[in-house]
Protein chains: 2
Amino acid sequence: MALSPLTEAFTLHFGEMGSRWGINRTVGQIYALLYLSDRALPADEIADELRFSRSNVSMGLKELQSWRLVRLQHLPGDRREHFSTLGDIWQIVRTLAEERRRREIDPTLTVLRELIMEPAETDSDRHAQLRLREMHDLIELLMRWSEDVQKLDTADLIKLLKLGGRVVALLGLKNRMPLIGKGERHNTTSAAEQDA
Amino acid sequence: MALSPLTEAFTLHFGEMGSRWGINRTVGQIYALLYLSDRALPADEIADELRFSRSNVSMGLKELQSWRLVRLQHLPGDRREHFSTLGDIWQIVRTLAEERRRREIDPTLTVLRELIMEPAETDSDRHAQLRLREMHDLIELLMRWSEDVQKLDTADLIKLLKLGGRVVALLGLKNRMPLIGKGERHNTTSAAEQDA
DNA sequence: CCGAATTTCCAGGAATTCCTGAACTTAAGA
DNA sequence: TCTTAAGTTCAGGAATTCCTGGAAATTCGG
């Protein structure tokens, strides 16, 4: 079976985008194909449609499963394994966020904490540690926010997102205190530390 | 001059992380070095410390400048160009978000729109278009949120982030209250959203 | 302008990542 | 248990990306 022009265009674009985000092009294309498909597909069919070797597809699917982005199912009367993406796109986002966090963000935070704890020998190192702390606090803040809003059910999450920055005005959070001294300048570390 | 162990550890980790996000390892290391440095550095010094060729550093800096993540300055009495990162880490986040959007998100949205407009020949294509619309609406919602909260000044943005999902309860959004003071309607996520 | 310092460009070798075919393993069904 | 379709693994060739040295271009002080 040949790919429809629609599916082909999307898989190509998605593969291209994937490779810009550190995802192997063919893995991206496999995911794109499954994402658009209205049924679970067996590996040999994927290989056929995308013109990849069977083994390449096997490796790609393993990778996608390790990200929990693709799941395996058995169809009655067919011995082959069939693969599909998560049906709910919000669940896809949640899964992606969790996995990226687990694999990349948390280890990075650990490294940052270790380096910040290290006794500094020089002024230069002390400055570097300030920068590291800024980065650490920023990432931690963003991750806490992300973790927190992911607990919302999807409808509420959508409402929150649609509200955007208006939340600040609605809740009267706007900082009305006169800017003292530093004008527009915001020191990240202290700003991130102060309680809202 | 040799790299301090602190700086070396960070540049190595950052380069490694960068390569997982589609950024060339050496470009990541150059950025990391500049990020930690307490002064602007000339290219030859960067090449020295990281043990890269002068030309590699030149290409890396060009790349970083094209992302507006590194800026060039001239120091009095020195003919060489000196480079530094943005001082405010929140500005770094804003710049990154803008550039990624411009380079990757917007073109993707364009492709998605084109494919959704295409007349569908088959049921399979019709299903694919529903999936494409879900993705389009989701990305658009996230981008609008991001663009919107970036207009806040940093102190307010931090407050909003710290608040996390509690916004929903505080504003009573759970009870189907209409959004206060809303003229324009965001027509995003029509496919992805289920209004509770 | 001249000349030296600095930066940029680029061809091609180095390094890395990707992909395949073939051999091997597994397990379902007869 | 045997047969065979299906799945996995992996060595090594293909493709891509990276990096360097040398040469050209640019810039600035004199």
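Chain letters run A, B, ... following the sequence lines, proteins first, then strands; residues in each count from 1.
With B:S58 contributing its side chain and B:R54 its backbone, the two residues share no donor-acceptor pair below 3.5 Å.
Residues in residues 13-37 of chain B take part in these salt bridge (Lys or Arg N to Asp or Glu O under 4.0 Å) pairs, two or more places apart or across chains: A:E104-B:R20, B:E16-B:R25. Among pairs with a residue in residues 115-168 of chain B, those fulfilling ring pair (Phe, Tyr, Trp, His ring centres under 6.0 Å) read A:W145-B:W145, at least two apart in sequence or across chains.
Residues A:T154 and A:R94 are in side-chain contact: their nearest non-hydrogen atoms beyond the backbone lie under 4.5 Å apart. With contacts defined as side-chain heavy-atom distances shorter than 4.5 Å, the pair B:L86/B:V70 does not qualify.
Axis orientation changes by 30° from one end of the helix from C:dC1-D:dG30 to C:dA30-D:dT1 to the other, with each end axis drawn from 5 pairs and the value rounded to 10°.
Chain A approaches DNA chain C within less than 4.0 angstrom (heavy atoms of the protein), and the contacting nucleotides run 5' to 3' from C:dC18 to C:dA28.
Scored by the ring-ring contact (aromatic ring centres under 6.0 Å, His included) test, B:F10 finds B:F14 as partners (sequence neighbours excluded). For A:A97, the side chain to side chain contact (heavy atoms under 4.5 Å, CB included) partners two or more places apart in sequence, or in a different chain, are A:Q150. Every side-chain hydrogen bond (donor to acceptor under 3.5 Å, both in side chains) that B:E99 has, sequence neighbours left out, goes to B:R68, B:R102, B:R103. With sequence neighbours excluded, the residues satisfying side-chain hydrogen bond (donor to acceptor under 3.5 Å, both in side chains) with A:N24 are A:T26. Residues satisfying the salt bridge (charged side-chain N to carboxylate O under 4.0 Å, His left out) test with B:R71, not counting sequence neighbours, are none.
A donor-acceptor contact closer than 3.5 angstrom is absent between the side chains of B:E121 and A:S4.
Summarising the geometry, the separation between CZ on A:R54 and C1' on D:dT8 is reported as 9 Å, rounded to the nearest angstrom. In this structure, B:M59 atom CE and D:dT20 atom P are separated by 8 Å, rounded to whole Å. Here D:dT20 presents its C1' atom at 17 Å from CG of B:D44, a figure rounded to the nearest Å. The interatomic distance linking A:E45 (CD) with D:dG7 (P) rounds to 12 Å, in whole Å. Across the protein-nucleic acid pair, A:R80 atom CZ and D:dT4 atom P stand 19 Å apart, rounded to whole Å. Look at CG on B:N56: it is 12 Å from C1' on D:dG21, rounded to the nearest Å.
Using a 4.0 Å cut-off, some side-chain N or O of A:K62 falls inside it from OP1 or OP2 of D:dT9.
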Under 3.5 Å, which donor-acceptor pairs link side chains of residues 30-37 of chain A to any protein atom two or more places apart or in another chain?
residue	atom	partner	partner atom	Å
A:Y35	OH	B:R131	O	2.8
A:S37	OG	A:R39	N	3.1
A:S37	OG	A:R39	O	2.6

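Of all non-hydrogen atoms in A:A120 and A:Q129, the two that sit nearest each other are CB-OE1, 3.4 Å.
Of the residues in residues 17-30 of chain A, A:N24, A:T26 come within less than 4.0 Å of DNA chain C through at least one heavy atom, sorted by number.
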Next item on the list: For nucleotides 22-30 of chain D, just jot down a letter per nucleotide in 5' to 3' order: B, S or -, based on protein non-hydrogen atoms under 4.0 Å.
Entry: -----BB--
